[in-house]
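Notes follow the structure.
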Amino acid sequence: MTATGPLTALFVQLKLSLLRNGLRQSAGRRAAYITSVVLTLLFAAFHLLGLILLRGNDHAAALVTLLAAVFALGWAVMPLFFPGGDETLDPTRLVMLPLRPRPLVVALLVSSLIGVGPLFTLTLMVGSVIAVAHGAAAAAAGVLAVVLAMLLCVALSRAVATANNRLLTSRRGRDLALLSGLFVAVGAQLVNIGVGKLSGQDGLASLEPLADVLRWVPPGAAIDAVQGVGDGAYGTAAAQLALSAGLLVLLLWWWQRGLTHLMTAPDSSTVQAAEPGRKRPGSAAGRPAFRRLLPDDRTGTVVLRTLRYAWRDPKTKSAWVTSLAIGLLLPVVTSVQGAGSVYSSCWAAGLLGMQMYNQFGQDSSAFWMVAQTISTPREAYLELRGRALALSLIGVPYVTLVVLGAAALMDDWAAAPEALGLALALFGSLVATGALASALYPYSIPQDSGYKNVAPGQVGLAWRSILAGMFTGVALCAPLLAVTIWMHESGAHDRLWLLLPLGTAYGAGVALGGLRLAAPRTAARLPEILAAVSKG
């Protein structure tokens, strides 16, 4: 079947049938889908009303241009974070069928317009056109602009998903999907900054410089062309619409090439995994260069294993990357909001130090192999010390970078030594309390769910571990904090630099003390720890 019309109709029917049959599977799934549709439509209706009320505002064109660009960005990145969101459009399921790429692109494009997401986007695009369309010619141009904007968003999304299909269906793709929480967190902070700017004195006028650039970036160009037609700038509007149409053609061409490559090129399952002359993993030459820098004892082994878990295990990687990114972002956000302080960089130490908590639960059922090597407090101490060292190898340079970056951003270099000293002391305190909490309050992290981080029945245990550890960790920093306040109040500003070596030594001492306290408890409670982390 190669005719575009019959193939498109068939794909539309297939999409509707799959949606209908999916809702018939259970009442819970049907209720969840209906609820999401209703909430989405209400959200879209409120935004549509707001856009209609903006009609006649001098800066409405700037807002709708930015809105179109944001929606295009969302359509582009969503397949990367939610690759399983629409399995009906997975082109690899069609590899064995006699389909040509060009009719397939048209059929997939049309069927992709069916769903809650396209309906929400369509509603806001229509509202954007209503906000800026003045006159019959502008209304006619608005119809074309909405069509171009919708097709651009969907084609961009499908082209990106096709180009990254093999990545998204691999283990690394699933790792990427787990980082969607980070994307949401960062996006929420950016939205918060944007709303704060809009609520200032300039209001929508502050969007004009950004809109001047985005009005030549489709699909914002197509939406802005409606304003141009209303103002009589027909040449500029025609150029914007032509630019949007040209980009759509390029996206469809890229998508078609991606489909052809995906459905004809071999993947890793058909290519020989091992190559002649490949170095053996167990040989000295085959070891990673970083491994050769570590001591050839239990400490080096534990450090390497911990860092490998942080890189390879999806949930551990998600927790590490989220902590690193948010800790780096918070000083920037507070600075932009006008309440910046170099001390806000201590959040970086706090968030990363929390990765020391529930160390054994992060190993999941594999912890039994580690447990076989622990029979004395000395062996437990070496295990905990290796894990703390792995965290410190990342944490100390990272915290230093964040503090120096915050000092540069806020032009307050004088506060950098004391802030870095406090941050390192906090990091060491959390390492100490994290080791104790790992021994006293271990809990299991489910591996069969990408979004559950605590096994059923262990939520209270997890909260006790985190809250008790955090409050204790902050309390351990009280002496250094008291010294900092005393030096400020007594006017000893020329000696504040002493807080850097003092905080470094204090954090290291507290961390080592915590590890030594946690070691005998870990060895004594090994059966209970093993049972707790293996649950679920």
Side-chain angles (χ1 to χ4, degrees), residues 181 302 305-306 309-310 313 315-320 322-323 349-392 395 426-449 451-478 507 510-536:
V302 174
R305 178 190 356 118
T306 302
Y309 278 10
D313 180 64
K315 290 197 172 183
T316 306
K317 180 190 292 187
S318 176
W320 274 65
T322 301
S323 299
L351 290 170
L352 192 59
M354 294 299 295
Q355 301 309 310
M356 189 64 190
Y357 286 69
N358 197 34
Q359 275 291 308
F360 309 127
Q362 294 176 20
D363 293 357
S364 189
S365 58
F367 178 66
W368 74 271
M369 299 181 66
V370 177
Q372 304 305 311
T373 66
I374 300 176
S375 57
T376 64
R378 174 62 180 173
E379 292 172 343
Y381 172 75
L382 293 176
E383 176 70 26
L384 288 170
R385 188 181 68 178
R387 294 173 183 247
L389 180 58
L391 184 61
S392 300
L426 176 61
F427 181 76
S429 300
L430 290 176
V431 168
T433 56
L436 281 168
S438 298
L440 299 176
Y441 305 109
Y443 56 90
S444 176
I445 300 177
Q447 299 298 309
D448 58 349
S449 172
Y451 302 98
K452 292 182 180 179
N453 292 317
V454 183
Q458 294 185 327
V459 176
L461 191 66
W463 277 111
R464 283 199 300 272
S465 171
I466 296 173
L467 293 179
M470 280 197 312
F471 285 120
T472 307
V474 173
L476 286 175
C477 293
V510 171
L512 289 174
L515 295 176
R516 293 194 176 277
L517 286 175
R521 290 163 176 78
T522 300
R525 301 189 72 252
L526 204 57
E528 291 87 348
I529 295 173
L530 186 59
V533 302
S534 300
K535 181 179 180 182

Under a 4.5 Å cut-off applied to non-hydrogen side-chain atoms, are [X] and [Y] in contact?
| X | Y | answer |
| --- | --- | --- |
| Glu379 | Thr373 | no |
| Met354 | Ile466 | yes |
| Leu436 | Tyr441 | no |

Which ring pair (Phe, Tyr, Trp, His ring centres under 6.0 Å) pairs, counting each pair once, include a residue from residues 366-390, with sequence neighbours left out?
->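 Output for this query lists Phe360-Phe367.
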First locate atom [atom1] of [X], then atom [atom2] of [Y], and finally report the distance between them rounded to the nearest 0.5 Å.
| X | Y | atom1 | atom2 | answer |
| --- | --- | --- | --- | --- |
| Arg387 | Gln362 | CZ | CD | 7.5 Å |
| Leu382 | Leu515 | CG | CG | 10.5 Å |
| Thr433 | Leu517 | OG1 | CG | 11.5 Å |
| Leu391 | Leu430 | CG | CG | 9.5 Å |
| Gln359 | Glu383 | CD | CD | 8.5 Å |
| Leu440 | Arg525 | CG | CZ | 6.0 Å |

Worked check of side chain to side chain contact (heavy atoms under 4.5 Å, CB included) between Asp363 and Val533 = CA-CA 8 Å; Asp363 293 357; Val533 302; over 6 Å; no
Looking at every non-hydrogen atom in both residues, tell me the closest pair between [X] and [Y] and how far apart they are.
| X | Y | answer |
| --- | --- | --- |
| Pro520 | Pro377 | CA-CB, 4.0 Å |
| Ser444 | Ala532 | CB-O, 3.4 Å |
| Tyr357 | Ala437 | CD2-CB, 3.7 Å |
| Ala380 | Ala519 | CB-O, 3.4 Å |
| Gln355 | Ala319 | OE1-CB, 3.4 Å |
| Gly473 | Leu426 | O-CD1, 4.5 Å |

